[in-house]
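Predicted model only: the values in this text are computed from it and were never measured. Numbering of ligands and ligand atoms starts at 1, following listing order.
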Amino acid sequence: MPTSLSDPAPVIAQVPAGSATHCPYCALQCGMYVTDGQITPREDIPANAGGLCQKGWTAAELLSSPERLTTPLLHGRPAGWDEALGFVADRIGAVRAEHGPDGVAVFGGGGLTNEKAYQLGKFARVALRTSQIDYNGRFCMSSAAAAANRAFGMDRGLPFPITDIDRADAVLLAGVNVAETMPPFVRHLSEMRAGGGRLIVVDPRLTQTARRADLHLQVTPGTDLALALGLLHIAVADGHADLGYLESRTTGFEAVRTSVSAWWPERVERVTGVPVALMREAVRILGEASRAMVLTGRGAEQHAKGTDTVTAFVNLALALGLPGREGSGYGCVTGQGNGQGGREHGQKADQLPGYRKIDDPAAREHVAAVWGVDPADLPGPGRSAYELLDSLGTPGGPKALLLFGSNPLVSAPRAGHVAERLAGLDLLVVSDFVLSETAAMADVVLPTTQWAEEAGTMTNLEGRVLLRRRAAEPPEGVRTDLEILRGLADRMGCGERFPTDPRTVFDELRAASAGGVADYSGITYERIAAETGVFWPCPATGAGEEPHPGTPRPFLDRFPTPDGRARMIAVEHRPPAEDVDEEFPVYLTSGRVLAHYQSGAQTRRIRPLTQAAPELFVELHPELAERLGVAPGDMVRVRGRRGAAEGVARVNDAIRPDTVFMPFHWEGVNRLTNPALDPVSRMPEFKVCAVAVERLAGEEGVA
Ligand SMILES: Nc1nc2c(c(=O)[nH]1)N[C@H]1C(S)=C(S)[C@@H](COP(=O)(O)OP(=O)(O)OC[C@H]3O[C@@H](n4cnc5c(=O)[nH]c(N)nc54)[C@H](O)[C@@H]3O)O[C@H]1N2
Ligand SMILES: Nc1nc2c(c(=O)[nH]1)N[C@H]1C(S)=C(S)[C@@H](COP(=O)(O)OP(=O)(O)OC[C@H]3O[C@@H](n4cnc5c(=O)[nH]c(N)nc54)[C@H](O)[C@@H]3O)O[C@H]1N2
Ligand code: SF4
Ligand SMILES: [Mo]
């Protein structure tokens, strides 16, 4: 009898057995086959249609890497599973006895499959009964999510298939560098441009993406909100507002129109550094297009005003009549592999599965019934990611932390402080397949399986639910995250509530999500395999009824708000939380390079990738370099109010002279970044802080 995916059910066996899966990294979730450790791209997945980036091509190297963890570590020494899990359960028991259930915290990740993210949220609420759970998506998607929920009543990254981009007449990308962050995405933009479409890129740097654009708006870091207000001002003044659409599909336009009236173009140029003529041209291109898209990424979102910035771009899209029109719309370019699904099924501090709110009595009742517990026993909302990390080991804060799928020592803002907080814990437990910087600090490290060694579903940037199959044998000694959670639950007396078979967990997730905003109840592993993915919402239908087809474009007829209309909300620009001054005269911004992924825990262990991008660098403009006496290749120190980091100088005129850029794939930049939080989304201000840059004496480079 087939019982699990390692022993697949008949429909799945029609697909080349066990080898069709998806990339371990970003939200494009490129389809690939993994056969005997060799990777080949899949043609049938529209996002990549046969393409992969360098990270995807080399992803299998980590499966057999000597740096792979294959045995639990207890205070740094190898231990058996029984000893390690027994130790963790005992310590959790002791912390709970002394500090109550909120003494134990959980931190998850947007790279976890839907099944793991769901199980982690359930484990926190049912086994630990703690309110203290959040995840790294708070550093990634939360501002765009908050703005989309506010405007549309639903947060689905792209509310349309990615192939809609191919046929657009105009696309505006605000703070997105897909040429490095999702290379196969560029094909969709190229297709669009080949058909006569125009590309507008807003970025303080002339990135590889901006080089492909018709217009590059080289904005000052932290001023996108002013820019979006200015673009809307021009759109209204020049008669591009779609009044019929605004009347029938939105509310709030009048207040928004009034609020942008003071953002005349010359004022916006002074704040943003973007010339008036370029703004007018951008609006003309968008306004005259019959199919246009406004897309935001982390460059516009990772700010203490990210939610309002995205709201301003959404307002622009709404004024032009784009969202809910086929071939047009607003979208956020989601980041992590399961950045979308990871934010729907309950690893967020304020959330229950199906994108339900944890403080909604009806949601609590529904999910408690699926979990077989009393709704009154479910904890309430907890702290957001940075606030959680900041509270660790403090009076009133958690004393133990279980971490699955994140490396906050490298990736959290004000990382020096986060390191102190982690060091102050009574118990730090990390599940990982490599010894990340954070795992190296842990009391207990639990070695887990990697993407190709386990099954599960991932929801890509389009809201398309995909199936990862088990395509390789895991090394002896490792366990899946689901097995790890089960092992702990067993020792806490509730093991039977935590099955380890991904399909069983998915079936429970479907029931828990039924009736929620992100309804997966009509999606099955078989359907995903047969249809190359299913778009949520996809509610289950009754016996004998046609299955629900899934929802590629959820806003065509109405928005999922109480009155069916999109809500336009007036927002105001304000400066960054930390602006430049005499002591710290340069803006620091941060982001990604093609060869590395996130904190680098995975990609810094893959040789072709470290050869392509070997070290931390600081990108600066020739004018700034000259003023500082810095030559290409010199070591420079970047200093700010919270710490300092050193890197190799890269001098080029692709960046603004008032700004330096550093990638965050190595420890460093986050010692400098500002944990000022967005008041709505609790997203930290990764993309702008004030620094001083100096050449390190005696470290002369070669020009
Ligand atoms: N190679 C690679 N690809 C990845 C990842 C990775 O780590 N490496 N991570 C994945 C994840 S989780 C995510 S979230 C996505 C992120 O994907 P992107 O959002 O494309 O990535 P970033 O490089 O963080 O930021 C994009 C751009 O924002 C610009 N920027 C900086 N400050 C500002 C500003 O104030 N305004 C504007 N308009 N732009 C600004 C930067 O110069 C940068 O070019 O990538 C995914 N793909
Ligand atoms: N300065 C600056 N900082 C940033 C950003 C920025 O633009 N600038 N971007 C932010 C963004 S958008 C993000 S998404 C975060 C990401 O930053 P992190 O949260 O640190 O993400 P990763 O580096 O992907 O960490 C994932 C860790 O979990 C492990 N892992 C991967 N898959 C699994 C799994 O299935 N199970 C388990 N148990 N472990 C797994 C990996 O080996 C790795 O050690 O960084 C944020 N930090
Ligand atoms: S673009 Fe993203 S999903 Fe595709 S191969 Fe590269 S890292 Fe993997
Ligand atoms: Mo992200």
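- Of the protein's heavy atoms, D203 OD2, 3.2 Å lies nearest to atom 29 (C) of ligand 1.
- Remark: ligand 2 and N407 share an N or O pair separated by less than 3.5 Å (distance only, no angle test).
- Close approach of ligand 1 to H596 is summarised as follows: ligand atoms under 4.0 Å from at least one heavy atom of the residue are 1 (N), 2 (C), 6 (C), 7 (O), 8 (N).
- Numbered from 1 in the order shown, with element, the atoms of ligand 2 that lie under 4.0 Å from a heavy atom of K116 read 34 (C), 35 (O), 36 (N).
- Across every non-hydrogen atom of H573 and A226, the tightest pair is ND1-N, 3.2 Å.
- Listed by number with element, the atoms of ligand 1 under 4.0 Å from a non-hydrogen atom of L594 are 1 (N).
- Results of the side-chain contact (heavy atoms from CB on, under 4.5 Å) test with L409 over T438, N670, L389 single out T438 as the only residue that passes.
- The distance from ligand 2 to the heavy atoms of V434 drops below 4.0 Å at these ligand atoms: 42 (O).
- In terms of protein heavy-atom proximity, atom 20 (O) of ligand 2 is nearest to S411 OG, 2.6 Å.
- When the heavy atoms of D432, T113, L588, L435 are ranked by distance to atom 42 (O) of ligand 2, first place goes to D432.
- Not a single N or O atom of Q336, backbone or side chain, sits closer than 3.5 Å to an N or O atom of ligand 1.
- In N177, the parts holding a heavy atom less than 4.0 Å from any atom of ligand 1 are both the side chain and the backbone.
- No side-chain N or O of T223 forms a donor-acceptor pair with one of T272 less than 3.5 Å apart.
- At a heavy-atom cutoff of 4.0 Å, ligand 1 is contacted by both the backbone and the side chain of Q598.
- Closest protein heavy atom to atom 37 (C) of ligand 2: D481 OD2, 3.5 Å.
- Every atom of ligand 1 is numbered from 1 in the order shown, and the set under 4.0 Å from a heavy atom of C140 is 14 (S).
- Here is the list of ligand 1 atoms found below 4.0 Å of a heavy atom in Y597: 5 (C), 6 (C), 7 (O), 8 (N), 9 (N), 10 (C).
- Nearest protein neighbour of atom 7 (O) of ligand 2, counting heavy atoms only, is K687 NZ, 2.9 Å.
- Among all protein heavy atoms, the one lying closest to atom 26 (C) of ligand 1 is G175 O, 3.4 Å.
- Note: an N/O pair closer than 3.5 Å links S431 and ligand 2 by distance alone.
- For ligand 1, none of its N or O atoms has an N or O atom of G335 under 3.5 Å away.
- Counting heavy atoms from C-beta on, the side chains of T673 and E685 never come closer than 4.5 Å.
- Residue contact annotation: R592 has a non-hydrogen atom under 4.0 Å from ligand 2.
- For a threshold of 3.5 Å applied to N or O pairs, the pair formed by V178 and ligand 1 contains no separation below that value.
- Of all the atoms in ligand 2, the ones that sit under 4.0 Å from a non-hydrogen atom of S590 are 1 (N), 2 (C), 8 (N).
- For the pair G222 and ligand 1, the shortest N or O to N or O distance falls below 3.5 Å.
- Using a 30° and 60° split on the angle between ring planes, H596 and H665 fall in the tilted class, from 30° to 60°.
- Looking at atom 33 (C) of ligand 2, its nearest protein heavy atom turns out to be F433 CE2, 3.6 Å.
- A donor-acceptor pair shorter than 3.5 Å cannot be found between the side chains of R682 and S142.
- When only modelled atom types and interatomic distance are considered, D658 and T220 share no side-chain donor-acceptor pair under 3.5 Å.
- H22 is not listed as a side-chain neighbour of M458, based on a closest heavy-atom distance of 4.5 Å or more.
- The closest approach between any non-hydrogen atom of V333 and ligand 1 is not below 4.0 Å.
- Within the 4.0 Å heavy-atom shell around ligand 1 one does not find M141.
- Close contacts of ligand 2 with S436, meaning ligand atoms under 4.0 Å from a residue heavy atom, involve 44 (O).
- The nearest protein atom to atom 1 (N) of ligand 2, hydrogens excluded, is given as N670 OD1, 2.8 Å; this is a heavy-atom distance.
- Taking every non-hydrogen atom of E180 and a distance limit under 4.0 Å, the qualifying atoms of ligand 1 come out as 1 (N), 2 (C), 3 (N).
- The side chain of D224, and not its backbone, has at least one atom closer than 4.0 Å to an atom of ligand 1 (non-hydrogen atoms only; side chain from C-beta on).
- Within ligand 2, the atoms closer than 4.0 Å to a non-hydrogen atom of A601 are 43 (C), 44 (O), numbered from 1 in the order shown.
- Of the heavy atoms in H665, only side-chain atoms (C-beta onward) come closer than 4.0 Å to ligand 1.
- Among protein heavy atoms, atom 31 (C) of ligand 1 sits closest to T589 OG1, 3.0 Å.
- For the pair P204 and ligand 1, the shortest N or O to N or O distance does not fall below 3.5 Å.
- Applying the 4.0 Å criterion to heavy atoms of C26 picks out, from ligand 1, the atoms 46 (C), 47 (N).
- Of all atoms in ligand 1, listed by their number and element, those nearer than 4.0 Å to a heavy atom of V176 are 20 (O).
- Taking distance alone, with nitrogen or oxygen atoms compared against 3.5 Å, N136 approaches ligand 2 more closely than that limit.
- Of the protein's non-hydrogen atoms, the one nearest atom 34 (C) of ligand 1 is G299 O, 3.0 Å.
- In V688, neither the side chain nor the backbone holds a heavy atom less than 4.0 Å from any atom of ligand 1.
- Heavy-atom contacts of V669 reach the following atoms of ligand 2: 1 (N) (cutoff under 4.0 Å).
- Relative to atom 10 (C) of ligand 2, the option among M662, E301, R298, Q302 with the closest non-hydrogen atom is Q302.
- Closest approach of A676 and A304 over heavy atoms only: O-CB, 4.0 Å.
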E483 vs R486, salt bridge (charged side-chain N to carboxylate O under 4.0 Å, His left out): CA-CA, chis, key distance, verdict = CA-CA 5 Å; E483 287 166 346; R486 169 61 177 259; over 6 Å; no
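- By the 30° and 60° cut-offs, the orientation of the rings of F139 relative to F686 is perpendicular.
- In summary, the side chains of T209 and N177 do present a donor paired with an acceptor at a separation below 3.5 Å, with no hydrogens or angles considered.
- Considering backbone and side-chain atoms together, V593 places an N or O closer than 3.5 Å to an N or O of ligand 1.
- At least one N/O-N/O distance between T181 and ligand 1 falls below 3.5 Å.
- Note: no N/O pair closer than 3.5 Å links T220 and ligand 1 by distance alone.
- Figure legend: cation-pi geometry between R205 and F661, with NZ or CZ positioned under 6.0 Å from the six-membered ring centre and within 45° of its axis.
- Near T448, the atoms of ligand 2 lying under 4.0 angstrom from a non-hydrogen atom of the residue are 37 (C), 38 (N).
- Judged by the shortest distance from any of its heavy atoms, V410 lies outside the 4.0 Å radius around the atoms of ligand 2.
- Residue contact annotation: G110 has no non-hydrogen atom under 4.0 Å from ligand 2.
- Close contacts of ligand 2 with L112, meaning ligand atoms under 4.0 Å from a residue heavy atom, involve 34 (C), 35 (O), 36 (N).
- At a cut-off of 3.5 Å, with distance as the only test, a side-chain donor of N136 or Q336 sits close to an acceptor on the other residue.
- In terms of protein heavy-atom proximity, atom 23 (O) of ligand 2 is nearest to S599 OG, 2.5 Å.
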